[in-house]
Amino acid sequence: MPEFTDLLFYGLAALTLGFGFLTVANPFSRNPVTNAMFLVLTIISMAGLFVLLHAFFLAAIQVLVYAGAVMVLFLFVIMLLDLPEENRRQIKTLTLGLGTIAVAAIAGIFIKAISHAAPLAASDRWLDGETKPLGKILFETYLLPFEILSLLLLVAMVGVILLSKKDLK
Amino acid sequence: MHAGLNHYLTVSVLLFCLGFLGVITRRNLVVIYMGLELMLNAANLALVAFSRFNANLNGQVMVFFTITVAAAEVAVGLALIVALYRKRGTAHVEDLATLKL
């Protein structure tokens with residue numbers, strides 16, 4: 001008899017993979033806005049998987065940063081570029097076939113490796129993802145990478161402003 | 001069946017391969033970027049699963065850093081795409097086959 005969390009896992013995993021498939025290869029629409037919307041749904045169902053893994057803080061960050069900020073950026077660019085013209089372009093069948101074969105081979109290798117790995121011993125000391133220890137480790141052990149990360153964000157911001165100037169000099 | 005580490009890793013691998021398929025087959029730069037985001041998210045899922053089942057918090061910190069770097073990467077990448085679109089008037093990889101602007 002499967003537990004309720006297991007049923008939840010299977011449901012969320014199916015949703016994540018289904019929405020992910022519709023993100024990259026939607027058979028009904030070639031509009032990039034549709035792809036972006038399905039990417040939002042993928043990310044939200046993945047936040048559900050994070051909750052199942054007791055990573056509550058990361059689930060919140062996933063929704064706030066990815067489904068919020070990053071996807072708004074994507075939609076802005078799609079609207080800015082005005083890209084509905086992919087309708088008239090067909091993906092070549094050869095590209096699709098060869099790509100699918102290559103990707104299926106990679107997936108096969110990975111899944112074979114996973115299924116042959118020794119199963120983890122069932123233990124009761126699984127991580128219970130409270131936010132307090134995460135904040136502690138973030139601001140004690142990982143303080144320097146955290147500060148470097150803020151520098152990276154500053155550099156990215158300046159770079160984006162520079163890149164989006166009209167005349168690149 | 002009880003959902004363990006292997007199940008989460010399988011979902012992660014499949015999601016990674018979906019993103020990879022998008023990067024290979026799609027011809028629109030913005031949609032290729034979405035495939036990249038899927039691949040990054042799949043890696044995040046694997047890290048969080050390892051973190052949970054090994055009772056080690058470092059994986060979650062790694063995912064925190066990955067999400068931040070991915071946000072910066074998306075901003076820079078999309079700015080590059082917009083600059084390229086201004087210069088060449090297209091965002092299809094087939095029209096962007098030359099090295100010269």
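Letters go in sequence order (proteins before strands), and every chain restarts at 1.
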### CG on A/L96 to CD1 on B/I24, rounded to 0.5 Å
10.5 Å
### Message
To the nearest 0.5 Å, what is the distance between NE2 on A/H54 and CD on B/Q60?
### Response
11.0 Å
### Task
Report the option among B/C17, B/A72, B/G22, B/A71 that has the most heavy-atom pairs separated by less than 4.5 Å from atoms of chain A.
B/C17
#### Entry: Nearest non-hydrogen partners of A/A13 and B/V11, listed with the distance
CB-CG2, 3.6 Å
### Message
Which one wins on heavy-atom pair count under 4.5 Å against chain A: B/G35, B/A42, B/S51?
### Response
B/S51
### Task
Check the pair B/Y85 / A/L80 against side-chain contact (heavy atoms from CB on, under 4.5 Å), numbers first and verdict last.
CA-CA 10 Å; B/Y85 188 81; A/L80 202 65; over 6 Å; no
### Any side-chain heavy-atom pair of B/L14 and A/F110 under 4.5 Å
no
### Message
If you apply the rule side-chain contact (heavy atoms from CB on, under 4.5 Å), what do you find for A/M46 with B/L45, and how did you get there?
### Response
CA-CA 8 Å; A/M46 190 170 254; B/L45 182 62; 4.1 Å; yes
#### Entry: Minimum side-chain heavy-atom gap B/T25-A/V103 below 4.5 Å
no
### Task
Give the member of B/L9, B/N44, B/N58, B/N56 that has the highest number of heavy-atom pairs under 4.5 Å with chain A.
B/N58
### Message
With rounding to the nearest 0.5 angstrom, report the CD1 to CG distance, B/I67 to A/L149.
### Response
11.0 Å
### Heavy atoms from other residues, nucleotides or ligands near CE of B/M62 exceed 12 (cutoff 6.0 Å)
no
### Query
Side chain, backbone, both or neither: which part of A/A69 has a non-hydrogen atom closer than 4.5 Å to chain B?
neither
### Message
Membership question, hydrophobic clusters at under 4.5 Å side-chain separation (ILVMFWY): are A/L138 and A/I61 in the same one?
### Response
yes
### Task
Assess the side chains of A/Q62 and B/N41: does a donor N or O sit below 3.5 Å from an acceptor N or O?
yes
### Query
Side chain, backbone, both or neither: which part of A/L73 has a non-hydrogen atom closer than 4.5 Å to chain B?
both
### Message
At a 4.5 Å cut-off on heavy atoms, which part of A/F9 comes close to chain B: side chain, backbone, both, or neither?
### Response
side chain
### Query
Relative to chain B, which segment of A/I43 carries a heavy atom at a distance below 4.5 Å: side chain, backbone, both, or neither?
side chain
### Query
At a heavy-atom separation under 4.5 Å, does B/L40 approach chain A through its side chain, its backbone, both, or neither?
side chain
## Note on the structure
In terms of heavy-atom contacts, A/V24 and B/R26 come closest through O-NH1, 2.7 Å
### Query
Between CZ of A/F19 and CG of B/L38, what distance do you get to the nearest 0.5 Å?
12.5 Å
### Task
Sort A/I114 into side chain, backbone, both or neither according to what part of it lies under 4.5 angstrom from a heavy atom of chain B.
both
### Query
Going from OG1 on B/T90 to CG on A/L81, what distance comes out if it is rounded to the nearest 0.5 angstrom?
9.5 Å
### Message
Side chains of B/E37 and A/T42, heavy atoms from C-beta outward: is any pair under 4.5 Å?
### Response
no
### Task
Could you tell me the separation between the CG atom of B/N6 and the CD1 atom of A/I111, rounded to the nearest 0.5 Å?
11.0 Å
### Query
side-chain contact (heavy atoms from CB on, under 4.5 Å) with A/V160: which of B/V82, B/L78, B/V76?
B/V76
### Query
Looking at A/L39, A/T5, A/T16, which makes the most heavy-atom pairs under 4.5 Å with chain B?
A/L39
#### Entry: A/A36 versus chain B, the contacting section by heavy-atom distance below 4.5 Å
both
### Query
Hey, are the side chains of A/P32 and B/N28 touching, using non-hydrogen atoms and a 4.5 Å cut-off?
yes
### Query
What option among B/Y8, B/Y33, B/F20, B/F65 has the most heavy-atom pairs under 4.5 Å with chain A?
B/Y8
### Message
Quick check on B/V13 against chain A: is it the side chain, the backbone, both or neither that has a heavy atom closer than 4.5 Å?
### Response
side chain
### Query
Can you name the nearest heavy-atom pair linking A/S164 to B/R86, along with the distance?
O-NH1, 3.5 Å
### Portion of B/I32 that has a non-hydrogen atom of chain A nearer than 4.5 angstrom
neither
### Interchain contact, A/L134 with chain B, by part (heavy-atom threshold 4.5 Å)
both
#### Entry: Within the 6.0 Å centroid threshold, strictly below: A/Y142 and B/F64
no
